[in-house]
Amino acid sequence: MTTTTHTTHTAHTTAQAPAALAPVEGTHQVRRRRRLAPGKRLPATRLVGPAAVLGLWSAASAAGLLDPGAIPAPWTVLETGSRLWTAGTLPDDILTSLQRAATGFSIGLVVGILLALASGLTRTGEALIDGTVNLNRAIPTLGLIPLFILWLGIGETFKIAIIAIVVYIPIYLNTHAALSGIDSRFVELAEVQGLSKYRFIRQVVIPGALPGFFVGLRLGVTGSWLGLVVLEQINATSGLGYMMFQAQNYGQTDVILVGLVVYGVFGLVSDSAVRLIERRVLSWRRTLSS
């Protein structure tokens, strides 16, 4: 009787051993993954680089290592920006630039998404659209400026059109690549589940393409500011680019740096906003940057 009881207890303990070891192995794997990962995300990490550049700039200016005529000190640029803001010229130029960038970006965003959907979801659309867009990508967009001036005049229309082209190309390319890269196993699974084409696109294809779309969106936001810098120096009467062009004629380096700083702040803020939206929308996806 005692031997039977002891044997049963030993078997029961042996049966429980793998179950008891499972959490330990799982914990060991989690710890290993955490050790391989970059580590916990620190707050405001994207501001460390710009803060370091500002610190080096300030130190070099204070030590007299920089020519004030070529690169004014940060406090000089800040004083100039405050003066331009008080005079009312800087707010007007900023508002004009924001309106141009927002209009061109909105048009480019809509066009890029529609073309990517038409090309990525149908073979006919791909045959008609993809080659044309890639041909457009191969042509330097800023090289189209003379032609667009002849077509649309030298006013605001051609500036907005060029910004829209700069924006739609990366959005189309990345979204189309994401749509085309959907795993074929998902297609087979959807067919087994009996999903309609509409439900398949809405529940599988669109969510699967969102990461690529956000990559294109970030590139498009940056491209809108890059295009704006050049376009506002062509027959413009207002805007940050016009302000910088006028400052170049009069040798006002501090005013040029004010414009560059504003452009940089707008670019950093807009990119950060897109990244924030991306993390909220793609909260289900766990990556090393999460």
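Note that these values count all heavy atoms, side chains included, but never hydrogens, waters or copies made by symmetry.
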N/O donor-acceptor pair under 3.5 Å between Thr132 side chain and Leu128 backbone | yes
Determine yes or no for a side-chain-to-main-chain donor-acceptor pair under 3.5 angstrom, with Gln252 supplying the side chain and Ala247 the backbone.
-> no
Taking the side chain from Thr141 and the backbone from Val166, do they hold a donor-acceptor pair closer than 3.5 Å?
-> no
Say whether, by atom type as modelled, one donor and one acceptor occur between the side chain of Trp57 and the main chain of Pro72 under 3.5 angstrom.
-> yes
Rounded to the nearest 0.5 Å, what's the gap from CD1 on Ile129 to CG on Asn136? Could you check?
-> 13.0 Å
Any chance you could measure Tyr263, atom OH, to Ile94, atom CD1, to the nearest 0.5 Å?
-> 10.0 Å
Student check: side-chain heavy atoms of Val258 and Leu78 closer than 4.5 Å | no
Taking the side chain as every heavy atom from C-beta outward, state whether Thr157 and Phe148 have any pair of such atoms under 4.5 Å apart.
-> no
Roughly how far, to the nearest 0.5 Å, is the CG atom of Leu117 from the CD1 atom of Ile206?
-> 5.5 Å
Please check if the side chain of Asn174 supplies one atom and the backbone of Pro170 the other of a donor-acceptor pair under 3.5 Å.
-> yes
Across all chains, not counting sequence neighbours, the side chain to side chain contact (heavy atoms under 4.5 Å, CB included) partners of Pro211 are Leu282, Arg285
Kindly indicate whether the side chain of Leu84, heavy atoms from C-beta on, has any atom under 4.5 Å from the side chain of Met243.
-> yes
Compare all side-chain heavy atoms of Arg279 with those of Arg275 and state whether any distance is below 4.5 angstrom.
-> yes
Between Tyr172 and His176, what is the ring plane arrangement, given parallel below 30°, perpendicular above 60°, and tilted in between?
-> parallel
Rounded to the nearest 0.5 Å, the CD1 atom of Ile162 sits from the CZ atom of Arg100 at a distance of 14.0 Å
Of all the heavy-atom pairs spanning Trp75 and Ser61, show the shortest one and how long it is.
-> CH2-CB, 4.0 Å
Between Lys159 and Ile234, which heavy-atom pair has the shortest distance, and what is it?
-> NZ-O, 3.3 Å
Taking Ser224 for its side chain and Val221 for its backbone only, find out whether a donor-acceptor pair lies under 3.5 Å.
-> yes
Do any N or O atoms from the side chain of Asp93 and from the backbone of Leu240 form a donor-acceptor pair under 3.5 angstrom?
-> no
Take Asn134 and Leu173, measure what side-chain contact (heavy atoms from CB on, under 4.5 Å) needs, and give me the verdict at the end.
-> CA-CA 8 Å; Asn134 280 279; Leu173 291 176; 3.9 Å; yes
Main-chain N/O of Trp85 paired to Thr89 side chain as donor or acceptor, under 3.5 Å = no
When you look at CD of Gln246, are more than 12 heavy atoms from neighbouring residues, nucleotides or ligands closer to it than 6.0 Å?
-> yes
Close side-chain approach of Thr76 to Pro68, heavy-atom, < 4.5 Å = no
Euclidean distance, Leu109 CG relative to Phe213 CZ, rounded to 0.5 Å | 5.5 Å
Test Ile277 against Phe214 for side-chain contact (heavy atoms from CB on, under 4.5 Å), laying out the working first.
-> CA-CA 9 Å; Ile277 296 173; Phe214 277 109; 4.0 Å; yes
Does the side chain of Thr253 reach to within under 4.5 Å of the side chain of Ile71, using non-hydrogen atoms?
-> no
Intermediate values then yes/no, side-chain contact (heavy atoms from CB on, under 4.5 Å), Phe158 and Ile163 | CA-CA 9 Å; Phe158 98 91; Ile163 293 174; over 6 Å; no
Ring centroid separation Trp225 to Phe266 under 6.0 Å | yes
Measuring from Leu115:CG to Asp130:CG, what's the distance to the nearest 0.5 Å?
-> 10.5 Å
Would you say Ile256 and Phe245 make side-chain contact, with heavy atoms under 4.5 Å?
-> no
Can you tell me if Gln233 uses its side chain to pair, donor with acceptor, with the backbone of Val229 under 3.5 Å?
-> yes
For side-chain hydrogen bond (donor to acceptor under 3.5 Å, both in side chains), just list the numbers for Thr96 and Tyr242, CA-CA rounded to whole Å, side-chain angles, deciding distance to a tenth of an Å, and then say yes or no.
-> CA-CA 10 Å; Thr96 302; Tyr242 169 77; over 6 Å; no
Min side-chain heavy-atom separation Met244-Val255 under 4.5 Å = no
